[in-house]
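Notes for the one structure printed next.
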Amino acid sequence: MPSPENTFKSAMAARRQQIGCWLSFADIGAAELMATAGFDWLVIDGEHAPNDIRSIRDQLIAVQGRGTQAIVRVPVGEAWVIKQVLDAGAQTVLVPMVDTADQARALVAATRYAPQGIRGMGAMGGRVSQFGAIADYVQTANDQISLLVQAESGAALNNLDAILAVDGVDGVFIGPADLSADMGFPGNAAAPEVRAAIADAIARITGAGKAAGLLTFSPQEAKTYLDMGVNFLAVGLDTVILARAARALAAETRALIKR
């Protein structure tokens with residue numbers, strides 16, 4: 001039996017636009033709930049959320065089989081952490097702060113078994129192979145792994161064409177918050193200069209035949225970016241969704257109280 005199909009990777013290869021959401025609670029229950037919401041994909045955030053390998057594994061279990069694909073964002077682009085999340089069951093990995101083609105090539109190698117890469121051969125004992133039940137896992141896994149890199153700096157945009165030329169990089173996710181700060185507009189991703197840089201990057205990414213990704217919190221912006229050709233678009237963050245709904249409910253009901 002081969003490695004399961006990575007339907008997120010298949011959708012990106014077919015250029016089907018996919019809507020996703022960020023998971024920052026680092027909680028199995030929240031992940032399970034979000035997996036029922038109807039998103040195409042969910043990012044388990046290992047960079048800014050309080051996750052470790054066990055909580056990432058638990059959320060992968062919670063999401064699996066619910067009609068949405070899990071993407072794991074690792075905290076840093078190091079081979080050892082990529083090895084852990086892959087063995088825990090991730091098929092798509094998102095790596096922050098990738099500025100050069102050399103970094104991208106090293107990340108591709110970290111996600112692939114030899115001879116294409118340097119991933120350690122430890123799948124037999126892990127959940128990724130269903131504890132050995134997927135007998136052909138190591139022979140077929142490379143084709144089902146998807147690597148997404150984040151372009152979040154002026155250096156990354158300057159090197160974008162070289163990064164896009166790296167075989168094994170399936171998509172580039174633009175990080176508006178970090179990019180705007182690096183460009184001298186901290187907290188202002190809506191600055192015209194940042195918007196122009198993002199639009200140019202999307203065009204270059206899709207023009208190279210790779211998938212372009214982005215995060216927005218506005219339905220109006222979502223339409224704009226989808227019209228630009230963004231392939232995988234995150235439209236929310238679980239903690240923000242709850243905070244907004246809770247605050248709106250509290251304000252609405254508090255207004256009913258007679259003072």
Side-chain angles (χ1 to χ4, degrees), residues 8 17-75 94 96-97 148 150 152 173-195 197-199 202 212-228 230-259:
F8 175 83
Q17 291 181 314
Q18 303 278 286
I19 298 298
C21 194
W22 234 253
L23 302 183
S24 290
F25 277 118
D27 179 80
I28 185 173
E32 184 178 27
L33 183 155
M34 293 297 290
T36 70
F39 293 106
D40 297 304
W41 52 274
L42 298 167
V43 169
I44 300 169
D45 190 4
E47 183 184 18
H48 294 301
N51 275 302
D52 58 21
I53 190 60
R54 289 179 180 271
S55 65
I56 289 171
R57 176 205 60 192
D58 290 349
Q59 289 169 86
L60 286 167
I61 293 170
V63 170
Q64 187 174 8
R66 298 183 183 275
T68 186
Q69 285 288 301
I71 298 171
V72 175
R73 178 161 74 169
V74 293
L94 175 64
M97 301 292 184
L148 309 171
Q150 290 189 232
E152 306 180 85
F173 186 91
I174 303 165
D178 286 294
L179 178 61
S180 61
D182 190 66
M183 291 179 64
F185 302 94
N188 185 18
E193 295 87 344
V194 179
R195 295 275 186 141
I198 290 173
I202 292 169
L214 205 78
L215 167 65
T216 181
F217 296 97
S218 161
Q220 293 76 25
E221 279 194 346
K223 184 180 186 309
T224 297
Y225 289 129
L226 288 169
D227 289 344
M228 286 183 185
V230 166
N231 307 94
F232 59 109
L233 182 68
V235 293
L237 184 69
D238 58 358
T239 52
V240 173
I241 292 168
L242 178 59
R244 285 179 174 175
R247 290 164 186 162
L249 179 61
E252 182 181 1
T253 51
R254 186 172 293 280
L256 301 175
I257 298 173
K258 296 179 179 180
R259 301 294 182 180

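This is a predicted model, so every value here is computed, not measured. Each residue takes its place number in the sequence, starting with 1.
- With sequence neighbours excluded, the residues that form a salt bridge (Lys or Arg N to Asp or Glu O under 4.0 Å) with Arg73 are Asp45, Glu47.
- Between the side chain of Thr216 and the backbone N or O of Val235, no donor-acceptor pair lies under 3.5 Å.
- Within the 3.5 Å criterion, the main-chain N or O of Phe39 finds a donor-acceptor partner in the side chain of Thr68.
- From Arg195, atom CZ reaches atom CD of Glu193 across 12.0 Å, with rounding to the nearest 0.5 Å.
- Here the OG-CD1 distance, from Ser180 to Ile198, works out to 7.5 Å after rounding to the nearest 0.5 Å.
- Residues Ala26 and Pro50 come closest through the heavy atom pair CB-O, 3.7 Å.
- No donor-acceptor pair closer than 3.5 Å links the side chain of Glu32 to the backbone N or O of Ile28.
- A donor-acceptor distance shorter than 3.5 angstrom exists from the side chain of Asp40 to the backbone of Ile19, with no hydrogens or angles considered.
- Between Val230 and Leu226 the shortest heavy-atom distance is O-CD2, 3.8 Å.
- A distance-only check finds no donor-acceptor pair linking the side chain of Trp41 to the backbone of Phe8 [under 3.5 Å].
- Side-chain atoms of Ser55 never come within 3.5 Å of backbone atoms of Asn51 as a donor-acceptor pair (strictly under, hydrogens ignored).
- Proximity of Leu214 to Met228: side-chain heavy atoms (C-beta onward) are nowhere separated by under 4.5 Å.
- Of all non-hydrogen atoms in Pro75 and Pro96, the two that sit nearest each other are O-CG, 3.7 Å.
- No side-chain donor from either of Gln150 and Asp178 sits under 3.5 Å from a side-chain acceptor of the other.
- In summary, the aromatic rings of Trp22 and Phe173 are positioned with their centroids under 6.0 Å apart.
- Here the CZ atom belonging to Arg244 is positioned 9.5 Å from the CG atom belonging to Leu237, to the nearest 0.5 angstrom.
- Every residue was checked against the salt bridge (Lys or Arg N to Asp or Glu O under 4.0 Å) condition with Glu152, not counting sequence neighbours, and none meets it.
- For the atom pair CG of Leu42 and CD of Gln69, the computed distance is 10.0 Å after rounding to the nearest 0.5 Å.
- Under the 4.0 Å criterion applied to side-chain N and carboxylate O atoms, Asp58 and Arg54 are not assigned as salt-bridge partners.
- Looking at every heavy atom in both residues, Leu215 comes nearest to Pro176 through O-CG, 4.1 Å.
- The CG atom of Leu60 sits 4.0 Å away from the CD1 atom of Ile44 when rounded to the nearest 0.5 Å.
- Here the shortest heavy-atom pairing between Ser24 and Ala49 reads O-CB, 3.5 Å.
- Separation of atoms CE (Met183) and CG (Asn188) is listed at 10.5 Å; rounding is to 0.5 Å.
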